[in-house]
*Asks:* 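Dropping the structure in here first, questions after.
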Amino acid sequence: MTGKNVWVASFAAAVVIAIVLQLAGSPSVAANDQSSAANAEVKIDNFSFGPQTVTVPVGATVTWTNRDDIPHTVVSTDGLFNSKVRDTDEKFSYTFAKAGTYPYYCSVHPKMTGKVVVQ
Amino acid sequence: MPNKKQDLIDQKLQDLNNDGVDRRGFLKCMAWAGTGLVWTLSGGIPVSRAFAKNYGKDAGKGGDFSFVQISDSHIGFNKPANPDVTATLETAINKINAMPHKPDFIIHTGDLSQLSKPSEFDTLDQASKGASAKQIYFVPGEHDMLTDNGEQYLQRYGKGTKGTGWYSFDHKGAHFVGLVNVANLKAGGMGSLGHGQLEWLEDDLKGRPASTPIVLFAHIPLWTIYPDWGWGTDDSEQALSYVKRFGSVTVLNGHIHQIMQKVEGKVSFHTAMSTAFPQPAPGTAPSAGPMKVPADQLQRVLGITDVNYVVSGRSLAIVDSPLGA
Ligand SMILES: [Cu+2]
């Protein structure tokens, strides 16, 4: 669980299609919006956020999916966003409008921490 | 790493089947020597005893009493580790009802529910009504405060409590304190009591004779068991400094779904099994998530904790029993 950015631009397009399909029905995601070309996904597995750090451009949407048997939350340390409780397979998305570094954690299991870097 | 997990389960079950060693006596020595974490099993039954010095000798004398601790019912949980947590809670309650000595009350050390849903609390209340001990004292687990900052929990179980649900009461000469260490948790931290509660605790204990037996109970362990999994409370040292002067202190916790104990001076720490599902021993699995054991072995790793207070020795004997053999 290093804080390594796994987002690589060269395979971004393929992943975007997957994300857009997954989020179909969510009005906040426009398929032809350029910034959506770098939306990112974070999986919650075994009480950890993976990848722990994601780097996205301004305007990108990050989607978290809880894949544990235990509920978790995604809560911004600065109070910017709060997913409320997410049970198994439930998702939470947030669109980042401004550049900056956004640390977050699970308020139920605060040892679980992560970071979104918006450039 | 499913194999590692399976190895652990196998080892645990092997221990459960090993009835050749009198671990009861063994533990007593271990506990008094202050040897830290001890898993104990005796005759196929996990048994743990701390402060058991005079237990038995004077049992039955006036003033003696017992109570039962149950924990981590997780009503609403329905994953493979236990698809019917209501049934196992009911089994636990039946087991309490069948005890030869009637406990004066029950303490539930949190995670009553899985998702803080009203229907889950309703189910827990319904099952609790089956207990012959009518008084149940609760403290919340993190699963009970998932919505509305714990408002729902407080309305149902926190009448007359302070802050996020802490309180104290006296029973036959012993002083009990229910603490909340699952609220307002900080990023990167473990359990937390918070400044306000610590001040209240110091005040609550002030002026009580040092001979008063003290029982502290809270959901997350008040001693650091495994920081990587958040199994500890950041400011528990502060709380424990207030009980140092007392001659007998028992700390009862849940959260980790397994028995762990240690004795430090006059303070005996103990965690209870869950009534819902087991969790892995520290560091033996990728995470602290629910541990799946074969269905016919589930009741061996769930259980209740019976605490006997013997007035003559001012001591507490703690006996853990699984739901089934
Ligand atoms: Cu969590």
*Asks:* Which bit of Leu185(B) comes within less than 4.5 Å of chain A, counting heavy atoms only: side chain, backbone, both or neither?
*Replies:*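 Contact with chain A is through both the backbone and side chain of Leu185(B).
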*Asks:* Once you leave out hydrogens and angles, what donor-acceptor pairs under 3.5 Å do chain B and chain A share?
*Replies:*
{"residue": "Lys79(B)", "atom": "NZ", "partner": "Thr88(A)", "partner atom": "OG1", "Å": "3.2"}
{"residue": "Leu185(B)", "atom": "O", "partner": "Tyr105(A)", "partner atom": "OH", "Å": "3.4"}
{"residue": "Gly188(B)", "atom": "N", "partner": "Pro110(A)", "partner atom": "O", "Å": "2.6"}
{"residue": "Ser287(B)", "atom": "OG", "partner": "Asn46(A)", "partner atom": "OD1", "Å": "3.1"}

*Asks:* Which one wins on heavy-atom pair count under 4.5 Å against chain B: Cys106(A), Pro103(A), Pro71(A)?
*Replies:*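 Highest number of pairs under 4.5 Å: Pro71(A).
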*Asks:* With Thr86(B), which residues qualify under side chain to side chain contact (heavy atoms under 4.5 Å, CB included), at least two apart?
*Replies:*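 So Thr86(B) forms a side chain to side chain contact (heavy atoms under 4.5 Å, CB included) with Ile75(B), Asp84(B), Glu90(B), Thr123(B).
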*Asks:* Locate the shortest heavy-atom distance separating Pro110(A) from Gly189(B); write the atom from each residue and the value.
*Replies:*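 That closest heavy-atom pairing would be CG-O, 3.3 Å.
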